[in-house]
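See structure below.
For reference, positions follow the sequence shown, starting with 1. Just the heavy atoms: all of them, side chains too, but no hydrogens, waters or symmetry mates, feed the values below. Numbering of ligands and ligand atoms starts at 1, following listing order.
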Amino acid sequence: MKKIIQYLNRPLSRRFFLKGALGAFGVSVLGIGKGFANTLRSQIRLERVPIRLERLPESFRGFKIAQLSDLHSSPLVDQEHLEHAVQLAIAEKPDLVVLTGDYIGHTLRTAPGQIHKFDEIYLDQLVETLVKAKAPFGTYAVLGNHDFWSGPEVTERLCRAFETRAGITLLRNQRAVLSKGDESIQLLGVDDYWHSWDLGQAMRRVPMKSVKILLSHNPDINRHLRPAHRIDLVLSGHTHGGQITFPILGAPFATHMNKRYLRGLVRDGDRQTYITRGVGHLVVPIRFNCPPEVTLITLV
Ligand SMILES: [Fe+2]
């Protein structure tokens, strides 16, 4: 013990200090390199998620929903990355495509400059890509926080481009009915939880006995869902699965309130929520323990 204390108390030589500094620098460079590699398009994972809904009509058994979220078209997420994600989804021949928000970046002053600043070119690239995200029951979308943060004019431009150029239906506190013969399910969509969401508006005149799937960018909407709403499934993104996560420490940069809803499938009584890790990334092109994701949900 005495020897250990003597060893720890000895003065640090310059060589020892330099070795330590070089070692720490090397580990940091390797870590950042690995984190960057994790964001590349080759790392996008297709997650196949079967979800059992007790009240699902017979004719919707095996119904496939491709979910794409948090694309963040910006200087940090290029068009090839987005194209690859869409191709992964479409190759599965989904019945329906849903997009759960955060399509663009916004003005955020971070070193080395305004790396997320909205620019029309990134909206154009996104629309050119999403035009291919077609499915027999259509492509539906809700808005995320980043789709509001460049101001109402940009939000309006995005909505118009989606609807007129990409054939995507925005659900802004609205719903759509998906029918097969005389059976149907209700697809509800609300605006972002930090902005103009209105669940009451989306649920107006919805038959309570029908199966309801709710698109909400932020999974924190769950704080307001009651058993009486009889929502069967919530599809969300926003969290990026934490984007950078560590064993034990968890996800220090996640911005949602309820940490239960970080990623994957969460059950609350009869209601389930699926939170995708998303396609793109924010602030830095780095992901740890959290690869980008395209989701293929099969209702069973
Ligand atoms: Fe978000």
Side-chain angles (χ1 to χ4, degrees), residues 39 44 47 67-77 81-82 85 98-110 114-119 122-123 126 130 140-152 154-159 162 168 170-173 188-199 202 214-225 234-245 250-264 266 273-288 290-295:
T39 65
I44 303 176
E47 299 287 356
Q67 183 188 5
L68 297 160
S69 196
D70 302 83
L71 295 119
H72 288 297
S73 182
S74 67
L76 289 186
V77 183
H81 188 92
L82 303 175
V98 298
L99 310 170
T100 44
D102 276 4
Y103 307 103
I104 51 176
H106 74 286
T107 304
L108 175 69
R109 289 175 190 279
T110 47
Q114 296 184 342
I115 55 175
H116 296 274
K117 189 178 178 188
F118 171 76
D119 188 318
Y122 300 110
L123 178 57
L126 180 72
L130 288 179
Y140 290 87
V142 290
L143 299 175
N145 48 312
H146 285 265
D147 306 320
F148 287 96
W149 281 353
S150 287
V154 170
T155 307
E156 191 51 43
R157 260 192 279 172
L158 188 150
C159 293
F162 270 28
I168 295 167
L170 261 300
L171 293 177
R172 300 198 61 182
N173 306 316
L188 318 177
V190 286
D191 273 1
D192 178 57
Y193 183 68
W194 294 344
H195 295 85
S196 39
W197 70 283
D198 187 339
L199 183 64
L214 172 64
L215 308 182
S216 170
H217 173 65
N218 189 327
D220 282 332
I221 189 87
N222 274 285
R223 304 171 87 214
H224 301 270
L225 299 181
V234 183
L235 298 180
S236 294
H238 178 64
T239 65
H240 298 193
Q243 190 169 316
I244 295 173
T245 71
F253 307 112
T255 57
H256 62 301
M257 283 183 266
N258 191 331
K259 301 304 177 204
R260 279 183 73 223
Y261 303 105
L262 181 62
R263 60 168 106 166
V266 179
T273 300
Y274 187 79
I275 308 109
T276 176
R277 299 187 300 269
V279 172
H281 38 267
L282 267 183
V283 186
V284 286
I286 289 178
R287 277 182 179 263
F288 278 117
C290 193
E293 171 178 346
V294 167
T295 318

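- With hydrogens and angles left out, the side-chain atoms of His81 and His281 include no donor and acceptor closer than 3.5 Å.
- Around the Fe ion (ligand 1), the angle linking Asn145 (OD1) with His217 (NE2) is 90°, rounded to 10 degrees.
- Among the backbone and side-chain atoms of Asp102, an N/O/S atom is found under 2.8 Å from the Fe ion (ligand 1).
- Considering Tyr261, Tyr193, Trp194 as possible partners of His238, the one that fulfils the ring-ring contact (aromatic ring centres under 6.0 Å, His included) test is Trp194.
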Apply side chain to side chain contact (heavy atoms under 4.5 Å, CB included) to Glu47 and Arg277, showing your working.
CA-CA 10 Å; Glu47 299 287 356; Arg277 299 187 300 269; 2.9 Å; yes
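- Closest approach between the Fe ion (ligand 1) and any N/O/S atom of His238 involves ND1.
- When each of Asp192, Asp102, Asp191, Asp147 is paired with His217, the side-chain hydrogen bond (donor to acceptor under 3.5 Å, both in side chains) condition holds for Asp102 and for no other.
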